[in-house]
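For clarity, every value in this text was computed on a predicted model and none was experimentally measured.
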Amino acid sequence: MFINNDEKECLTTLFCGNAIGKIAPPMVIFSFKRTPGHIASNMPKNWGIGHSESGWMTGETFYEYIANIFYPWLIKNNIKFPVVLFLDGHTSHLTMALSNFCSEKEIELIALYPNATHILQPLDVAFFHPLKTSWAKVVRQWRMENNGERIKREKFAQLMQRAINVLEVDIILKNGFEKTGLHPFSSNGINYEKYFKKSVEYLTTDP
């Protein structure tokens, strides 16, 4: 997910949630080789920090997230294995190192169909829209309290956490999994009329 930090910068933030309505600690990706201390010290507890030259997701940063944040979160929350992890088919999500790690840890990777995440990805379907709305409100309030000051990188994650906290995340995620037909698993969970036009039959008669 790309979120406007201010009018000049966007930061990539990785989110992961499950069908019982729990959200794992997110990861924010910065275009630093090393994270400055003033940014690291302002990150919410358990949030991850990723690095890439472009500031976008890479195979290495995604692997680090799964191995160092997502998997320990599963253990801490006593989530029963094996675990099914749905993800889109972006190349940064499909590396041999990740496949080997997940196979060893009983995490089953399932890549969703290309160009269908707006239908099959629970976060795309139910979570990101209310989050962006909440983020806009938090940013507006913060700027009112700080004389219109520009949001600096070290403030980003704290404000994002505030935006998440006001959402009914458990309900939103459960609805997302249900509307995509992933949990409970059912093709009838998808509202096909929303995405596909009804076919029209054309009939002719002889005069």
Side-chain angles (χ1 to χ4, degrees), residues 1-7 9-30 39 42-50 55-57 61-62 65-66 68-74 76-79 83-88 90 93 112 116-146 149-186 189-191 194-195:
M1 179 179 184
F2 296 95
I3 291 287
N4 283 327
N5 183 19
D6 55 43
E7 58 275 5
E9 181 180 17
C10 289
L11 293 175
T12 302
T13 308
L14 173 63
F15 291 92
C16 182
N18 64 19
I20 62 173
K22 302 295 183 182
I23 187 169
M27 169 187 274
V28 183
I29 301 175
F30 297 97
I39 290 181
N42 280 283
M43 294 293 290
K45 184 179 180 181
N46 299 324
W47 277 47
I49 300 176
W56 296 349
M57 182 65 66
T61 52
F62 189 68
Y65 176 78
I66 297 300
N68 300 327
I69 298 173
F70 178 69
Y71 179 70
W73 178 79
L74 296 176
K76 181 179 180 180
N77 287 273
N78 298 313
I79 295 178
V83 168
V84 175
L85 177 60
F86 295 101
L87 39 75
D88 65 46
H90 192 273
H93 296 159
L112 300 174
T117 56
H118 64 294
I119 301 174
L120 299 176
Q121 164 59 274
L123 297 182
D124 283 355
V125 169
F127 181 70
F128 288 146
H129 178 71
L131 177 60
K132 289 180 179 179
T133 300
S134 178
W135 167 254
K137 292 179 180 178
V138 166
V139 169
R140 185 165 55 249
Q141 181 63 35
W142 186 87
R143 284 179 169 164
M144 289 176 61
E145 295 170 352
N146 292 271
E149 181 181 345
R150 172 164 87 71
I151 298 174
K152 297 180 180 179
R153 291 177 178 180
E154 59 265 29
K155 296 292 184 181
F156 170 78
Q158 291 181 355
L159 294 178
M160 178 58 71
Q161 183 67 74
R162 191 183 303 177
I164 295 171
N165 289 343
V166 300
L167 299 177
E168 294 180 321
V169 173
D170 56 339
I171 296 175
I172 291 172
L173 289 178
K174 289 176 183 178
N175 287 341
F177 274 87
E178 183 176 350
K179 289 180 179 179
T180 54
L182 295 180
H183 188 275
F185 190 76
S186 171
I190 300 172
N191 180 7
K194 180 179 179 181
Y195 304 106

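Between the CG atom in N146 and the NZ atom in K155 there is a gap of 7.5 Å [rounded to 0.5 Å]. Expressed to the nearest 0.5 Å, how far OH of Y195 lies from CD1 of I190 amounts to 7.5 Å. To the nearest 0.5 Å, atom CG of residue L159 and atom CH2 of residue W142 are 6.5 Å apart. To the nearest 0.5 Å, the span separating CD on E154 from CE on M43 amounts to 11.5 Å.
Looking at T180 and F86, their side chains never come closer than 4.5 Å, going by heavy atoms from C-beta outward. By the 4.5 Å heavy-atom criterion applied to side chains, L11 and F30 are counted as neighbours. Taking 4.5 Å as the limit, some side-chain heavy atom of M160 sits within range of a side-chain heavy atom of L131. You'll find the side chain of L120 stays beyond 4.5 Å of the side chain of D88, heavy atoms only. Looking only at side-chain heavy atoms (C-beta outward), L14 and I29 stay at 4.5 Å or farther from each other. Side chains of L85 and I66 form a contact here, defined as non-hydrogen atoms less than 4.5 Å apart. Considering only heavy atoms from C-beta on, W73 comes within 4.5 Å of I79 through its side chain. In this structure, the side chains of F62 and M27 stay at 4.5 Å or more apart for every pair of heavy atoms.
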Run the side chain to side chain contact (heavy atoms under 4.5 Å, CB included) check on E145 and Q141 step by step: do they pass? CA-CA 6 Å; E145 295 170 352; Q141 181 63 35; 2.9 Å; yes
Test side chain to side chain contact (heavy atoms under 4.5 Å, CB included) on N77 and K22 and set out the steps. CA-CA 10 Å; N77 287 273; K22 302 295 183 182; 5.9 Å; no
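Ring-centre distance between W135 and F128: not below the 6.0 Å cut-off.
Here the side chain of N18 pairs a donor or acceptor atom with the backbone of I20 at under 3.5 angstrom.
Pairs passing the side-chain hydrogen bond (donor to acceptor under 3.5 Å, both in side chains) check and including a residue from residues 117-131, sequence neighbours excluded, read T117-D124.
Among residues two or more places apart in sequence or in another chain, the ring pair (Phe, Tyr, Trp, His ring centres under 6.0 Å) test is passed with F70 by none.
Heavy atoms only, all atoms of each residue included: T13 and P26 are closest at CG2-CB, 4.2 Å. The heavy-atom pair separating S134 from A163 by the smallest distance is OG-O, 2.7 Å.
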Side-chain donor-acceptor pairs of residues 164-179 under 3.5 Å, sequence neighbours excluded:
| residue | atom | partner | partner atom | Å |
| --- | --- | --- | --- | --- |
| N165 | OD1 | Q161 | NE2 | 2.9 |
| N165 | ND2 | Q161 | O | 3.2 |
| N175 | ND2 | I171 | O | 3.4 |

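Applying the 6.0 Å contact sphere to NE2 of H183 captures no more than 12 heavy atoms from other residues, nucleotides or ligands.
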